[in-house]
2 protein chains.
Amino acid sequence: MAERQAGDGTVGKALEVLDMVAAFERPVRFSEVLEDSPYPKGTLYRLFQTLTNQGMLSYDPDRQTYGLGVRLVRLAHAAWQQSSLAPIARSYVEALSQSTGETVHLAQFDHAQVLYLDKRNALKPIEMYSQAGKVGPAYCTGVGKAMMAFLDEEEVARIISQQSFHRFTEHTLTSEDELRHDLADIRSKGFGMDREEHEPGIICIAAPILTPGGRVLGGLSVTSTTAQKSLADLEALAPQVQATAQNIAVEAQNWHFPDQATDTIRTGT
Amino acid sequence: MAERQAGDGTVGKALEVLDMVAAFERPVRFSEVLEDSPYPKGTLYRLFQTLTNQGMLSYDPDRQTYGLGVRLVRLAHAAWQQSSLAPIARSYVEALSQSTGETVHLAQFDHAQVLYLDKRNALKPIEMYSQAGKVGPAYCTGVGKAMMAFLDEEEVARIISQQSFHRFTEHTLTSEDELRHDLADIRSKGFGMDREEHEPGIICIAAPILTPGGRVLGGLSVTSTTAQKSLADLEALAPQVQATAQNIAVEAQNWHFPDQATDTIRTGT
DNA sequence: AATCGTGTTTCAAATAGTGAAACTGCCTTG
DNA sequence: CAAGGCAGTTTCACTATTTGAAACACGATT
């Protein structure tokens with residue numbers, strides 16, 4: 001369910017295959033993917049060949065399995081650097097994490113899911129791809145709801161139509177009605193809360209990152225546990241979270257990439 | 001130069017476009033890419049539409065620019081986890097960094113370039129800009145040469161044909177002959193050195209990670225500076241580096257992914 | 001030796017991609 | 001203010017690629 005609509009020709013199909021391989025979360029055999037795929041054997045085979053050729057899939061001849069290819073890692077590095085909010089927001093995320101002493105997340109939408117671009121844990125050290133790149137549901141996370149509240153109705157409808165409304169906890173909003181009610185509330189307040197809706201004991205406050213024109217760039221959240229903070233405690237952080245989101249938005253607006261990238265590539269060996 | 005050969009139909013072209021966008025290292029306008037592209041305007045335009053639709057490119061309507069899309073970040077996260085050596089090697093890389101007190105890199109080939117999958121910086125951080133997803137030249141990096149030395153002649157030829165042999169320093173190997181000579185030496189010794197071939201003052205020792213069958217899985221290197229260590233000092237680490245590479249290879253061979261991935265996705269909000 | 005399950009190749013029919021050129025709308029210029 | 005230029009978008013006849021059923025290989029069972 002919640003499949004990205006194909007129909008973008010061959011390219012769409014190829015990317016769908018990548019998603020299918022990714023969904024297994026381990027190297028897969030050709031036939032495993034074939035079972036889940038709507039394409040005939042020959043067609044899928046050729047797609048695999050093409051993608052492997054292109055470095056988007058990697059083939060392990062010993063085990064006869066396919067995995068996602070390293071080319072993706074290179075592209076993602078470039079994506080993270082160039083087109084997302086992450087590099088711009090980094091110092092702000094860091095500062096917010098320091099001053100609150102809690103975990104801070106930066107996220108954007110990927111299709112109908114929340115995709116985490118960065119995470120800062122006040123106490124623990126940083127890891128790279130282990131956290132950036134994770135996805136979560138839109139309807140029961142703070143950032144998901146905060147961003148949704150400020151999207152066009154058209155997009156909101158598209159996203160909502162692809163939510164599972166699975167009940168993770170007793171507080172999960174499990175219907176479009178409940179969600180829309182919360183979104184309206186978030187829209188008027190300017191920030192949203194996750195009241196143990198995704199995981200028991202985990203609460204958070206989140207604000208959208210908006211352009212001056214009101215377009216959603218991303219979302220920012222401060223997460224804590226019920227053991228450490230109450231909902232009211234978190235709500236008291238609202239001005240701080242919103243101010244940080246605002247600062248990131250301004251920075252993003254002002255940021256101009258150098259006319260000519262002149263960085264010397266300095267890599268290790 | 002060193003372009004990934006197209007010819008894989010539409011999918012190949014679409015991916016080539018992604019590479020072109022990535023190459024700019026900043027958001028680009030449609031026409032900028034058009035200039036560099038061999039495709040007519042209409043065709044390129046349709047590719048952009050498709051890729052944007054699919055979340056592989058993102059469009060900023062305010063600035064009318066395209067960047068690489070967040071979907072790549074999600075896919076790369078999956079790629080890093082599932083198909084590369086990185087998760088398996090992580091603890092070994094860490095340990096090697098600890099025991100040597102130097103920076104350790106883990107890399108694989110992406111097409112004809114060295115792609116860094118992981119990096120562990122010891123306590124004394126070296127002034128160096130590399131991390132997961134970065135790429136470097138194959139002919140003048142320790143890991144690049146160490147891996148190349150153990151590839152099939154066919155692949156070596158392909159890779160060599162795409163090297164620029166740009167002279168980064170006075171020690172850079174700038175011809176196929178010099179490189180092949182060094183590769184032969186590496187093959188006999190089982191490890192290779194970077195003797196300030198890429199950056200002045202930066203030296204390293206590297207070993208390939210090989211399957212029992214002799215297939216190249218990746219490369220591992222320990223990097224230092226001439227200020228801290230001599231080439232002889234590094235060479236003394238050869239047994240340790242090779243042993244670590246061997247351990248990673250064994251681990252990779254033994255590793256079986258769980259029959260059914262049952263991880264509950266626990267993300268923040 | 002026969003069977004099964006993978007993976008690979010083939011080929012006419014169907015589909016999707018191509019690219020020259022025309023169009024739109026905005027921004028600059030005379 | 002009109003004319004021209006530029007960036008982006010759309011169109012459409014032509015072509016090349018993709019499709020998918022089916023047959024083929026080949027190693028691993030039985």
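A, B, ... follow the sequence lines: proteins, then strands. Residue 1 opens every chain. From a predicted model like this one, the values you see are computed outputs, not experimental measurements.
- To the nearest angstrom, C1' of C:dG7 lies 8 Å from OH of A:Tyr59.
- Closest to the side chain of B:Gln49, from the set C:dT9, D:dT10, C:dT6, is D:dT10.
- We find that CG of A:Leu44 is positioned 13 Å from C1' of D:dT19, with the value rounded to whole Å.
- One interatomic measurement links the two molecules: CD of B:Glu35 to C1' of D:dC6, which rounds to 12 Å at whole-angstrom precision.
- Looking only at distances, no side-chain donor or acceptor of B:Arg63 sits under 3.5 Å from a matching main-chain atom of B:Arg29.
- Straight-line distance from the OH atom of B:Tyr39 to the P atom of C:dT18: 8 Å, rounded to whole Å.
- For the pair B:Leu47 CG and C:dG19 C1', the interatomic distance rounds to 12 Å; values are reported in whole Å.
- Look at CZ on B:Phe48: it is 13 Å from C1' on D:dA7, rounded to the nearest Å.
- If you check every strand for non-hydrogen atoms under 4.0 Å, B:Thr10 touches sugar and phosphate atoms only.
- Note: A:Phe30 and A:Phe48 have perpendicular aromatic rings, judged against thresholds of 30 and 60 degrees for the angle between ring planes.
- Under a 3.5 Å cut-off, the side chain of A:Gln163 and the backbone N or O of A:Ala112 do form a donor-acceptor pair.
- Here A:Arg46 lies in heavy-atom contact (under 4.0 Å) with a base.
- The phosphate of C:dG5 has neither OP1 nor OP2 within less than 4.0 Å of any side-chain N or O from A:Ser31.
- With hydrogens and angles left out, the side chain of A:Lys41 and the base of C:dG7 share a donor-acceptor pair within 3.5 Å.
- Within the 4.0 Å cut-off from OP1 or OP2 of D:dA7, not a single side-chain nitrogen or oxygen of B:Arg29 is found.
- Looking at the side chain of A:Gln64, the nearest of the listed nucleotides C:dG7, D:dG20, C:dG19 is C:dG7.
- The aromatic rings of A:Tyr66 and A:Tyr59 lie tilted to each other, with the angle between the two planes from 30° to 60°.
- A distance-only check finds a donor-acceptor pair linking the side chain of A:Gln108 to the backbone of A:Leu217 [under 3.5 Å].
- Mapping A:Phe30 and A:Val11 onto DNA chain C via the closest heavy atom, the residue that lands nearer the 5' end is A:Phe30.
- Distance CG (A:Leu34) to C1' (C:dT6): 10 Å, rounded to an integer number of Å.
- Comparing D:dT10, D:dA21, C:dT18 by their nearest atom to the side chain of B:Tyr45 picks out D:dT10.
- Residue contacts for A:Thr43: at a heavy-atom cut-off of 4.0 Å it reaches a base atom on one of the strands shown.
- Distances from the side chain of B:Tyr66 to the nucleotides D:dT9, C:dG19, D:dA21 place D:dT9 closest.
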